[in-house]
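Following: one structure in structure tokens, then a few remarks.
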Amino acid sequence: DIWPLGYIATILGEQEKVDQAITVLQGALAIDSDVAVMHFLLAQAYFKKGDQWNGVRESTEAIRLKALGF
């Protein structure tokens with residue numbers, strides 16, 4: 001189950017440990033890449049880190065998955 005990884009990544013992001021949060025989220029997406037909210041969290045982590053391109057890319061993936069009902 002990847003949901004605990006999302007919570008862990010959220011806490012890490014709030015503690016300004018963005019690189020660790022990104023690593024946790026990438027691990028969660030390796031388990032199940034069809035969870036829109038994980039892509040959204042990853043996008044927010046990239047934006048917080050200042051990586052706009054990857055933030056937009058992950059946001060787009062989250063929107064695509066949400067449109068498909070995931």
Side-chain angles (χ1 to χ4, degrees):
D1 194 18
I2 66 170
W3 295 107
L5 296 174
Y7 291 123
I8 291 168
T10 300
I11 292 167
L12 288 170
E14 290 176 353
Q15 295 175 345
E16 302 299 325
K17 298 177 183 175
V18 179
D19 290 327
Q20 290 175 335
I22 289 171
T23 302
V24 170
L25 288 166
Q26 288 171 339
L29 288 170
I31 296 169
D32 186 358
S33 64
D34 288 337
V35 180
V37 72
M38 294 299 168
H39 286 282
F40 179 75
L41 286 173
L42 186 54
Q44 295 307 306
Y46 280 132
F47 285 135
K48 192 168 189 173
K49 187 177 177 180
D51 187 352
Q52 303 301 319
W53 174 249
N54 281 323
V56 169
R57 184 174 54 88
E58 290 298 330
S59 293
T60 303
E61 182 64 12
I63 292 167
R64 182 185 77 80
L65 288 169
K66 186 67 177 165
L68 292 173
F70 288 101

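Taking every heavy atom of both residues into account, Asp1 and Pro4 meet most closely at O-CD, 3.6 Å. Across all non-hydrogen atoms, the minimal contact from Ile2 to Met38 is O-CE, 3.5 Å. Heavy atoms only, all atoms of each residue included: Gly55 and Tyr46 are closest at N-CB, 3.6 Å. Of all non-hydrogen atoms in Val18 and Ala45, the two that sit nearest each other are CG1-O, 3.3 Å. Ala21 and Gly13 make their closest contact through CB-N, 4.0 Å (heavy atoms, listed as atom of the first residue, atom of the second, distance).
One distance of note links CD1 of Ile22 with CG of Asp51; it measures 7.0 Å at 0.5 Å rounding. The NE2 atom of His39 lies 7.5 Å from the CZ atom of Arg64; values are rounded to the nearest 0.5 Å. To the nearest 0.5 Å, the span separating CZ on Phe40 from CD on Glu58 amounts to 12.0 Å. To the nearest 0.5 Å, the span separating CG on Leu5 from CG on Asp32 amounts to 11.5 Å.
Using a 4.5 Å heavy-atom cutoff, the side chains of Val35 and Leu65 are not in contact.
Annotation for Lys66: atom NZ does not count as buried by contact number, only 12 or fewer foreign heavy atoms lying within 6.0 Å.
Linking ILVMFWY residues whenever their side-chain heavy atoms come closer than 4.5 Å, directly or via other members, places Val37 and Ile8 in the same cluster. Linking ILVMFWY residues whenever their side-chain heavy atoms come closer than 4.5 Å, directly or via other members, places Leu12 and Ile31 in the same cluster. Hydrophobic clustering (ILVMFWY, side-chain heavy atoms < 4.5 Å, transitive): Leu41 and Val56 are in distinct clusters.
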